[in-house]
Amino acid sequence: MEREHVVIWAEAATKRASLREIEDPAGVVATVAGLDGVWAQGADAPAARAELLEVLIDWAALKIEHGDDDIPSIDGVSLYATR
């Protein structure tokens, strides 16, 4: 799997992120529905989204490396050739 394809998938997922402000520590948490356990935190919304993009890239790459086949398609972008 080429990193470029993982980045395209992660960018699509980041566009679907939900953002939630938190107080302690102050900032924003970003999550994506359907990707349990994947989240990122930043000082503000842009920082949380940027961190989420990196988290998603690393998360997907690790799952692919381990042979997992349960990464969902996001907005028509799949990380599997048969999907």
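Since the model is a prediction, treat every value here as computed from it, not as a measurement.
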Asp68 meets the side-chain hydrogen bond (donor to acceptor under 3.5 Å, both in side chains) criterion, sequence neighbours left out, with Lys63
Quick check: is Val32 connected to Val29 through a chain of hydrophobic side chains (ILVMFWY, heavy atoms under 4.5 Å apart)?
no
If you measure from CD on Glu51 to OG1 on Thr14, what distance do you get to the nearest 0.5 Å?
10.5 Å
Side chain proximity check, Leu52 to Trp39, heavy atoms < 4.5 angstrom:
no
Residue set satisfying side-chain contact (heavy atoms from CB on, under 4.5 Å) with Glu21, at least two apart, ordered chain then number -> Val28
If you measure from CG on Leu79 to CD on Glu2, what distance do you get to the nearest 0.5 Å?
12.0 Å
Under 3.5 Å, side chain of Tyr80 to main-chain N/O of Ile71, donor-acceptor pair present?
yes
Looking only at heavy atoms, the pair that brings Trp9 and Pro72 closest together is NE1-O, 2.9 Å
Give a yes or no answer on whether the side chain of Trp59 reaches the backbone of Gly37 with a donor-acceptor pair at less than 3.5 Å.
no
Test side chain to side chain contact (heavy atoms under 4.5 Å, CB included) applied to Leu53 and Leu56, Val55, Ile57, the passing residue
Ile57
As an exercise, state the distance from CD1 of Ile74 to CD1 of Ile8, rounded to the nearest 0.5 Å.
14.0 Å
Carboxylate-amine/guanidinium contact Arg16 Asp75, below 4.0 Å
yes
Nearest heavy-atom contact between Ser73 and Ser78 is OG-CB, 3.3 Å
Looking only at heavy atoms, the pair that brings Ala48 and Ala40 closest together is O-CB, 3.8 Å
CD1 (Ile64) and NE2 (His5) are apart, to the nearest 0.5 Å, by 8.5 Å
